[in-house]
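Read through the structure below, which is laid out as structure tokens, and then see the notes.
Keep in mind the model is a prediction, meaning the values are calculated, not measured.
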Amino acid sequence: MEKPAAEVIKGEGWGRFPDDLEYHSGFGNHFESEAIAGALPRGQNSPLICPFGLYAEQISGTSFTSPRKLNQRSWFYRIKPSVTHEPFWPREPSHKKLVSEFDGSNTVANPTQLRWKPVDIPDSPTDFIDGLYTICGAGSSFLRHGFAIHMYTANKSMDNCAFCNADGDFLVVPQQGRLWITTECGRLQVSPGEIVVLPQGFRFVVDLPDGPSRGYVAEVFGTHFQLPDLGPIGANGLAASRDFLAPTAWFEDCPRPGFTIIQKFGGELFNARQDFSPFNVVAWHGNYVPYKYDLSKFCPYNTVLIDHGDPSINTVLTAPTDKLGVALLDFVIFPPRWLVAEHTFRPPYYHRNCMSEFMGLIYGGYEAKADGFLPGGASLHSCMTPHGPDTKTYEATVARGNEAGPHKITDTMAFMFESCLMPRTCPWALDSHFRDLDYYRCWIGLKSHFSHNKTDVKSNDLQNGNKSGCFEH
């Protein structure tokens with residue numbers, strides 16, 4: 001439902017959000033939105049004179065010639081076009097911890113299982129941009145293939161500036177503190193337990209209504225997130241299209257002297273000045289839009305007899321590659337759900353994976369790690385590095401035996417960014433005093449339970465000169 005013209009707020013800063021923000025519903029839909037009735041042209045996209053003297057401007061998320069089913073673009077009708085700014089210049093002081101090109105000159109290959117404790121919120125004034133730092137990634141924003149995983153800690157709202165990411169799409173997962181996000185399409189309130197996707201090229205501002213904030217960001221280069229195919233699951237389940245919410249048109253029409261556009265380009269930041277707000281879009285239509293999703297609406301599917309399902313069954317969004325079934329980056333969650341399998345080790349199995357897995361925890365605990373993995377923390381298990389439940393979880397699970405009844409996992413929300421590319425890790429992440437250097441110890445206590453004629457074999461081996469006591473068959 002559209003907001004009537006009488007409710008348009010002109011000249012109000014974006015730092016104050018109403019409690020009853022309205023949204024468009026649906027994933028990948030072609031929306032129309034007007035903050036003033038009649039602001040959208042009818043019958044064509046770019047008339048000689050637009051209604052109310054507005055400028056027509058298109059933003060393209062895919063090439064013009066992409067197949068229709070993949071093509072993403074939107075049309076804005078704005079008070080002044082976004083081109084009206086001064087030339088860009090390198091931002092000073094430059095941001096030293098954002099990476100979009102991953103090679104041996106700036107990052108490190110490291111197959112070790114890595115884990116980080118929650119990072120403290122800074123004491124000095126820090127907004128979303130200055131609080132953003134890269135943990136790991138692969139590929140190249142210039143070559144339009146790859147990903148980066150960032151985290152952020154912030155304690156202040158962005159002031160008289162907006163951010164624009166020319167490198168790729170951001171998928172933001174707040175862990176502490178709400179985010180009030182103003183975009184060219186309108187406004188989004190995003191709470192911990194929700195996610196927001198900010199597509200490549202959109203200008204946006206992040207306000208912090210609750211003060212200190214912390215979270216995770218996945219960035220993909222050269223592709224966009226989409227819903228996974230459901231296959232044998234059928235037509236329903238997992239993340240439903242209707243639960244994805246896009247903003248409705250809202251605009252600001254007042255002078256903004258010295259307003260700064262901060263553009264991320266190849267991982268470097270640049271400034272450009274203009275004298276007006278970028279959020280002057282009175283109407284828009286299209287399918288290239290920011291959107292949010294409430295993770296509590298996810299409909300999980302699970303084992304109902306034996307064995308533990310692969311984590312791919314919990315995929316919310318996927319950024320595909322050209323290779324069928326192989327993701328540049330999957331966003332997977334581990335929500336509250338029932339475990340009911342019989343004669344089955346119910347936590348996730350021990351695993352070596354051709355994909356690489358970065359995990360975070362929004363709230364609660366994670367079923368495979370009894371200790372040490374905390375909300376706001378993270379872990380990285382790279383390609384073919386073994387991982388799985390810690391010793392405490394394994395022993396507790398086995399001790400319950402086969403008679404353990406149905407069990408419901410509650411009060412938790414963990415997630416995983418999974419990629420087919422091998423990540424390189426940033427040196428400041430490896431050297432961070434928040435890195436858990438004892439992470440490997442959580443598996444050291446796993447002991448052998450092998451019991452096949454163990455005593456007899458050891459005795460015979462020693463008699464036959466096998467001093468190691470190893471069993472050979």
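For His407, there are no ring pair (Phe, Tyr, Trp, His ring centres under 6.0 Å) partners at least two apart in sequence or on another chain. In this view, Trp75 and Gln58 satisfy the side-chain hydrogen bond (donor to acceptor under 3.5 Å, both in side chains) rule, not counting sequence neighbours. Thr303 meets the side-chain hydrogen bond (donor to acceptor under 3.5 Å, both in side chains) test with no other residue; sequence neighbours excluded. Applying the ring pair (Phe, Tyr, Trp, His ring centres under 6.0 Å) test to Phe265 and every residue at least two apart in sequence or in another chain returns Phe142. Residues passing the side chain to side chain contact (heavy atoms under 4.5 Å, CB included) test with Ser379 are Arg115, Met359, Phe373, His381, Tyr439, sequence neighbours excluded. Arg73 is linked by a salt bridge (charged side-chain N to carboxylate O under 4.0 Å, His left out) to nothing, counting only residues two or more places apart in sequence or in another chain. Qualifying side chain to side chain contact (heavy atoms under 4.5 Å, CB included) partners for Met413, counting only residues two or more places apart in sequence or in other chains: Leu295, Ile333, Pro335, Pro336, Ile362, Tyr363. Contacts of Tyr152 classified as ring pair (Phe, Tyr, Trp, His ring centres under 6.0 Å), with partners at least two apart in sequence or in another chain: Phe128. Applying the side-chain hydrogen bond (donor to acceptor under 3.5 Å, both in side chains) criterion to Asp307, with sequence neighbours excluded, gives no partner residue. Shown here are the ring pair (Phe, Tyr, Trp, His ring centres under 6.0 Å) partners of Phe88, two or more places apart in sequence or in another chain: His85. Qualifying side-chain hydrogen bond (donor to acceptor under 3.5 Å, both in side chains) partners for Ser140, counting only residues two or more places apart in sequence or in other chains: Glu101.
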Less than 3.5 Å apart, which donor and acceptor atoms pair up between the side chains of residues 232-244 and the rest of the protein, not counting sequence neighbours?
none

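Atom CD of Gln72 is separated from atom OG1 of Thr62 by 6.0 Å, given to the nearest 0.5 angstrom.
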